[in-house]
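What follows is a single structure, written as structure tokens, with notes after it.
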Amino acid sequence: MKKQIAAAAGAFACIMILATGCGSGSGSGSGSGDENLYNYDLSEYLTLGQYKGIPVLGMSTGVTDAEVEVEVLNDLDAAGEMEELTEGAVSEWDIANIDYMGLKDGEPFDGGTDEGHDLIIGSGQFIPGFEEKLIGEAIGDTVTIDVTFPEDYYSDELAGQGVEFVVTVNSVKRGTLTEEYVQANTPFSTPQEYRDALKADMESEMKANWDNQRMSTLWGTLLDSTEVLKYPQAEMKSSANDLSKSHKDYATQIGKTWKDYLSQDMGMTQKEFDDYVQDTVQNQVGAEMIIFAVTRQEGLELTDEDYQAGYMGYLRDMGFDSDDAYKEAYGQTLEDYAGKRYIMISLMYDRIMKLMDDNAIVIE
């Protein structure tokens, strides 16, 4: 019977050893060949899915000045640098505390009412027109504003519809990013330097989030489109033993009996734990088979030199310039800790993900 690999993030948890640290510690020797792993025709075990030409969404155009200003105001507010006003009028980049009720055809609609909401005027947090129409309104007044929901709004009931909001402006917080504040609280000299650095950080975070989303889409598509015909028993047994042993070793490490560990830490019976191991290992072995199948099909096998270079790259990513430095910090080498098998598979995964990324179709 054909089975499809689950695309959940947990399916690949033990392979991503640098993120999870769930390796078996079973690595030995310095070679990196895969002759002892899945050394048979994998086409008998799976039908490989799509890994080239996968559509992925392009990254947004970048961070706007308005988004930077929102972060500036949030920083000032958190630092207690905003002055709270109870009289005057609302201005752009104020933080207005408001009560509001949304009405469609004179009746309140779901999600349209709140009290004591802090809204940065100019942030674009609310639908177009809402924030702009509050500018100039007096603190303490209640006003009615008419706005129209965007055509692509997620709610079919409200998309493209005109509504009115009854809004009370309770108070306003107002602040300015000054040179004095920047010099006293940041490594920068001027507000502009601070804004530029903040924008760069936000863009870097946006890029990282896009990279993660893109890779998740690529890997998930390959998992979803691959069919597992059967699971190899040798690898299933080895991986199940590794996983069970890691839990039992941890139970011993924290001074608990296996029975107490199962009930108190895992919240499982032995039968439930056995089922969990079986499901986890099926996902793991299925993912490993995919990695080996793509690697061999595309000629991306690791040489000893590739393994050593990748291994050192992982160490550097973690802040170590040598295996000895890692061992000094943790009492064992990274290979001893994670297991050579999982380091090798992780490096192979990196290779096929680069292949998939290079061949993805970016949709702007």
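Among all heavy-atom pairs drawn from Trp93 and Ser123, the shortest one is CZ3-N, 4.0 Å. In this structure, Pro191 and Leu177 approach most closely via the heavy-atom pair CG-O, 3.6 Å. Closest approach of Ile127 and Pro150 over heavy atoms only: CG2-CD, 4.2 Å. Closest non-hydrogen pair, Ser171 versus Ile139, comes out as CA-CG2, 3.8 Å. The two residues Pro55 and Ile363 come nearest to each other via the heavy atoms CB-CD1, 3.5 Å. When all heavy atoms of Thr148 and Gly160 are compared, the pair lying nearest together is CG2-O, 3.7 Å.
Ionic pairing of Glu81 and Arg174 is not present here: no N-O contact between side-chain nitrogen and carboxylate oxygen is shorter than 4.0 angstrom. Between Asp321 and Arg316 there is no salt bridge, since no side-chain N of the basic residue sits under 4.0 Å from a carboxylate O of the acidic one. Using a cutoff of 4.0 Å between basic side-chain nitrogens and carboxylate oxygens, Asp94 and Lys173 are not scored as salt-bridged. Salt bridge present: Glu69 and Arg195 bring a charged side-chain N and a carboxylate O closer than 4.0 Å. Salt bridge status for Asp196 with Lys199: absent, with no side-chain N to carboxylate O gap under 4.0 Å. We find that Lys245 and Asp249 are joined by a salt bridge, their nearest charged nitrogen and carboxylate oxygen being less than 4.0 Å apart. Here Lys271 pairs with Asp275 in a salt bridge; the nearest charged N to carboxylate O distance falls below 4.0 Å. Ion pairing of Asp336 with Lys327 is absent here, as no side-chain N (NZ or NE/NH1/NH2) approaches a carboxylate O to less than 4.0 Å.
Here the side chains of Val68 and Val63 are in contact, with some heavy-atom distance below 4.5 Å. In this structure the side chain of Trp210 never reaches within 4.5 angstrom of the side chain of Ser60, judged on heavy atoms. Side-chain contact between Leu134 and Phe126 is absent, with no heavy atoms from C-beta onward closer than 4.5 Å. The shortest distance between side-chain heavy atoms of Thr168 and Ile98 does not fall below 4.5 Å.
Of the possible polar contacts, none joining the Ser204 side chain to the Ala200 backbone as a donor-acceptor pair under 3.5 Å is found. Side-chain atoms of Thr186 come within 3.5 Å of backbone N or O of Phe188 as a donor-acceptor pair. No donor-acceptor pair under 3.5 Å is formed between the side chain of Glu87 and the backbone N or O of Leu85. A donor-acceptor pair is defined here as one N or O able to donate and one able to accept, closer than 3.5 Å; no such pair exists between the side chain of Asp323 and the backbone of Thr333. One N or O on the side chain of Gln50 and one on the backbone of Gly53 form a donor-acceptor pair closer than 3.5 Å. Although no hydrogens or angles enter the test, the distance criterion places a donor-acceptor pair under 3.5 Å between the side chain of Glu131 and the main chain of Gly122. Using a distance-only test at 3.5 Å, with no hydrogens or angles considered, a donor-acceptor pair links the side chain of Asn97 to the main chain of Gly116. With Thr280 contributing its side chain and Val277 its backbone, the two residues share no donor-acceptor pair below 3.5 Å. A donor-acceptor contact shorter than 3.5 Å links the side chain of Glu272 to the backbone of Thr269. Ser263 places a side-chain N or O within donor-acceptor distance of the main-chain N or O of Asp260, the cut-off being under 3.5 Å.
Other residues, nucleotides and ligands place no more than 12 heavy atoms under 6.0 Å from the CD atom of Glu205. Within 6.0 Å of atom CG in Asn212, more than 12 heavy atoms from other residues, nucleotides or ligands are found, so the atom counts as buried in its surroundings. No more than 12 heavy-atom neighbours from other residues, nucleotides or ligands sit within 6.0 angstrom of CE on Met101. Within a 6.0 Å radius of CD in Glu115, other residues, nucleotides and ligands contribute 12 heavy atoms or fewer.
In this structure, CG in Leu57 is found 12.5 Å from CD1 in Ile361, a value given to the nearest 0.5 Å. One distance of note links OG of Ser346 with CE of Met353; it measures 11.5 Å at 0.5 Å rounding. Taking CD1 of Ile352 as the reference point, atom CD of Glu298 lies at 10.0 Å (rounded to 0.5 Å). Note that CE of Met312 is 10.0 Å distant from CG of Leu334, once rounded to the nearest 0.5 Å. Leu48 contributes atom CG, which lies 7.5 Å from atom OG of Ser225 (distance to the nearest 0.5 angstrom). Rounded to the nearest 0.5 angstrom, Ser239 OG and Gln278 CD are separated by 11.0 Å.
Taking the six-membered ring for Trp and the full ring otherwise, Tyr181 and Tyr194 have centroids separated by 6.0 Å or more.
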- Message: One pair to check against side-chain contact (heavy atoms from CB on, under 4.5 Å): Leu42 and Arg296. What are the steps and the verdict?
- Response: CA-CA 10 Å; Leu42 286 172; Arg296 291 170 184 169; 3.8 Å; yes
- Message: Assess the residue pair Tyr51 and Trp219 against the criterion (ring pair (Phe, Tyr, Trp, His ring centres under 6.0 Å)); give the C-alpha distance rounded to whole Å, side-chain angles, the decisive distance to 0.1 Å, and a yes or no.
- Response: CA-CA 8 Å; Tyr51 60 87; Trp219 179 246; over 10 Å; no
- Verdict with supporting geometry, Tyr38 and Tyr45, ring pair (Phe, Tyr, Trp, His ring centres under 6.0 Å): CA-CA 10 Å; Tyr38 304 100; Tyr45 291 83; 8.6 Å; no
- Message: Met266 vs His247, test: side-chain contact (heavy atoms from CB on, under 4.5 Å). Steps then yes/no.
- Response: CA-CA 10 Å; Met266 297 294 289; His247 280 281; 3.8 Å; yes
- For Phe130 and Phe165, what are the C-alpha separation, side-chain angles and deciding distance, and is it a ring pair (Phe, Tyr, Trp, His ring centres under 6.0 Å)? CA-CA 8 Å; Phe130 186 100; Phe165 281 91; 5.1 Å; yes
- Message: I'd like to know whether Leu302 forms a side-chain contact (heavy atoms from CB on, under 4.5 Å) with Met348, so could you lay out the CA-CA distance, the side-chain angles of the two residues, the decisive distance to 0.1 Å, and finally the verdict.
- Response: CA-CA 7 Å; Leu302 293 172; Met348 293 166 65; 3.8 Å; yes
- Message: Assess the residue pair Gln161 and Glu157 against the criterion (side chain to side chain donor-acceptor pair (under 3.5 Å)); give the C-alpha distance rounded to whole Å, side-chain angles, the decisive distance to 0.1 Å, and a yes or no.
- Response: CA-CA 8 Å; Gln161 298 298 304; Glu157 178 187 357; over 6 Å; no
- Between Val167 and Thr144, is a side-chain contact (heavy atoms from CB on, under 4.5 Å) present by the stated rule, with each step listed? CA-CA 6 Å; Val167 184; Thr144 300; over 6 Å; no
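Checking Asp41 against Ser43 by side-chain atom types alone, a donor-acceptor pair falls below 3.5 Å. Side-chain N/O atoms of Gln270 and Asp274 include a donor and acceptor closer than 3.5 Å. Side-chain contact, Asn241 with Ser238: no donor N or O sits under 3.5 Å from an acceptor N or O.
Checking each of Asp357, Asp358, Asp306 against Arg351 for a salt bridge (Lys or Arg N to Asp or Glu O under 4.0 Å) leaves exactly one that passes, namely Asp306.
The salt bridge (Lys or Arg N to Asp or Glu O under 4.0 Å) check on Lys133 picks up nothing, with sequence neighbours excluded.
Judged by the 6.0 Å and 45° rule, Lys104 forms no cation-pi pair with Phe109.
Between Tyr330 and Phe320, the ring planes lie perpendicular to each other; the angle is over 60°, past the 30° to 60° tilted range. Under the 30°/60° scheme for interplanar angles, the aromatic rings of Tyr311 and Tyr307 are found to lie parallel.
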